Structure formats: C-alpha cells, structure tokens
Amino acid sequence: MTVEPGTFGTQRELNRLRVVDALRRSGTASRSDLARMTGLSRTTVATLVSDLQARGLIVEQADARVEPSGRGRPPVLLRLDAAAGAALGLDFGHRHVRVAVADLSSTVLAERFVELDVDGAPEEALDAAAELATGVLAEAGVERSRVIGAGMALSAPIDSEKGVVGSTVLPSWAGIQAGEELSRRLEIPVELDNDANLGALAEVSFGAGRGLADVVYVMMSAGIGAGLVLGGRLYHGASGIAGELGHVQVRPDGAVCRCGSRGCLETVASTGALLSLLGAIHGADLTLRELLDLVADGDLAAKRVVNDGGRAVGRAVADLCNYLNPAAVIVGGDLSAAGDALLDGVREEIDRHALPAAAEAVAVRAAVLGDRAEMLGALAVVIADTSRLRSAGLAPLGAGR
Ligand SMILES: [Zn+2]
C-alpha cells in the first residue's frame, strides 16, 4: 500500500492499517499468514490483532481448510468485521437498478434489485437506488457511517473530468452529474464509472480474468461496450470515453444508430439487432430468454444469427488485439449466455483478422459473473482503493490529526 509520510501519525497506526489491508486482500488469514504478508514480526501482529479485536474490527472464525485428523491445534482464521468498514455497489442498467453492500473483503452482505426505466427516468432511478441502499444497509445491520464509499455503474459514456454523463447515447441523462446526484441522496462519496468498465474490473478481480493484467471485456446486451484493463489498471482514456466499442462503424451505409451515426457495431450485434433479425421467422415479440433457449435447443437460425453477432464483434476486437495485445477477450452481458455459438464467432474473426502473434496470445472466454458483474465491479472500485481505509474507523486508533 502507498502511504504518504506523516499522513497516519504513529507507526503503530500504520501497522494496524497494514494488517487491515492484508485481510482486505486475502479475505481470511491466520496470525502467521498476516506476519508473512505484512513483513511484521509475529509478536507485533499478535498485539495489533488483539487491539483490532478489542475494537470489534477483526473477528475470529473456524478454519474450514483444516482436516479434523490433522495434528496439533488448527490455526485460528481472522477476518474483517463489517464494523471495520463496508462499501456499496450500485448498478444502473437500462431497465434495472441493483444495489449491494459488502464488507471490505468483498463479501456481499445484502443485495436488492428492482426493474424500472433507468434510461428514461434518471431522477426516479436515483431515488429508487437510494431507497434500495437504505434497505440493504438495514438488512445487513451496517451503519451508514461505516460505509467508506459507493461505486456506481451506468450504461453511458462518462466524462471523467467533469463527472457528467456525456454524448447523445443516453439523452435523458446527458449533462447530469450522476455521481454527485447519488452522493447527495446517499450522503456517501460516490465513484461513478461506465458499466462495461466496472464489469471488466469485476471479471479481472473475481471472475474469468482473475490474475490477468491485460484484458478486453466486451459487454453484449441492449448496448455494446468494452472495458479495457491494461497493465492491471482500468484504462479510461483522456476524457473517459475509451472502450466505446459499440459505436465503432462496421457498415458505412448501415442502420441509423442512437448515437447519430450509421452502421455502428451496436446496430448489428446488440440483443435488439439480433432479435429483430429473428423476428421474421420467430415472431416480432421474441424475447431474449426465448432467443437463448432457441440457441440451447440447436435452432439453426438462432445459432446463425448469434454467431454472426459474435463475428461482427470479433472483427472489431481483432483490430483491438493488434493495438493492445490482450491476454484475454472476455465476453459478458446478456448475450454471453449463448455460449459457444457466440464465442466461436468472436474467436474465428480474431484468428482471421488479427496478426497471428496477437491472435495466439489471446484467450476468448465467456464472463462468469453474469448480471451481477457491474455491481461487483462497483464494489471493487471502492474496496480496491486502499486510501479509503483511512476513513474505515481507523483514525480513532491513535492518529495525531
Ligand atoms: Zn452508434
């Protein structure tokens, strides 16, 4: 962890933060694990742990890893109590809001979901999210003062400097300081980011991209977006627009797109585009669930349309593979449930159009976190920010501030 000199007051407080940070990263650890992870002596760790236990910030739990037949006393595992701090994750999809509260080890303590018209009614969506947040905090028994921050995922390009929702893609949200609006309602600092960016962060933190530093995450739903993780960090670009894959032009004289251009990838490979293609034979009221069932049942037209959607994405991502040389392309969003019919299309076009060395280096995988990815990423963006631990109730432990 990075510490500015003099920021935390005493050395002892700095060491307490080290122990808390090690538990945040590992989830659970024994006292000797903590000594190894922090580089502190066992005696020092034991003292710090009893101190933190006395304050209710660390609790003991039985070690499930140790077999009963093992010799000697099993080591006692420690974990952070929600009293040490908690985070809120809020995902604003096109038609839903999902809210969860987690402890600092990323364990979700309570979660709620509501369907509503997020795209068309920003104020109502923000109010509903604040209400859900109050609900999950009460359900988990977490006091608002223990929450170190809230992450917010929104399906729109976000100007990282001004903090406003940009462009024409989500007109009713355009120009709204969405993070500030939510923060005012929650009375908690909010970190706002694009949903594909936070989905990417979740998949590299907990999912299909775990352990990888260079990943392109493609979200295929009602919209299409990409989240780029480069050198282990989310890449936002100069003003926060990086990864707007859905508005890469793939058919110069194609259908008019909601962004005002024509033939964007989104007009070809979004769920809406695929459903309307199948409408001709399966009816105009075909739902996404029915489309996925048709693919699973081996319906030729459904498989063909999904594969073509995968190909269109793969063609655009092949160029990204040349530019960025990622280790994995992770396909998430509602369509990822279509499985190989979709992924094979992505893979084939990468192999066909990327430089062989770039194509060989990249694994094409389905995302594993499903429709919770964006919410989990919203939690991760808060929890991964070590500097926020300062507000995690550690200041009263002796900071000379
Ligand atoms: Zn477009």
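Each residue takes its place number in the sequence, starting with 1. All ligand and atom numbering here is 1-based and tracks the order in the structure. Keep in mind that what you see is a predicted model, and the values were worked out from it rather than measured.
Excluding waters, the set of protein N, O or S atoms lying under 2.8 Å from the Zn ion (ligand 1) comprises H247 ND1, C257 SG, C259 SG, C264 SG.
For the residue pair T47 and T44, no side-chain donor N or O sits within less than 3.5 Å of a side-chain acceptor on the partner. Donor-acceptor pairing under 3.5 Å is lacking for the side chains of N194 and H236.
Using a 4.0 Å cut-off between a side-chain N of Lys or Arg and a carboxylate O of Asp or Glu, R347 and D344 do not qualify as a salt bridge. R112 has a carboxylate O that lies under 4.0 Å from a charged side-chain N of E139, or vice versa, which qualifies the two as a salt bridge.
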Which pairs would a plain distance check flag for residues 311-320, meaning a side-chain donor or acceptor within less than 3.5 Å of a matching protein atom at least two apart in sequence or in another chain?
residue, atom, partner, partner atom, Å
R311, NE, N307, OD1, 3.2
R311, NH1, E349, OE2, 2.7
R311, NH2, E348, OE1, 2.5
R315, NH1, D319, OD1, 3.1

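L90 pairs in a side chain to side chain contact (heavy atoms under 4.5 Å, CB included) with only one of the listed residues (V190, L186, V97), which is L186.
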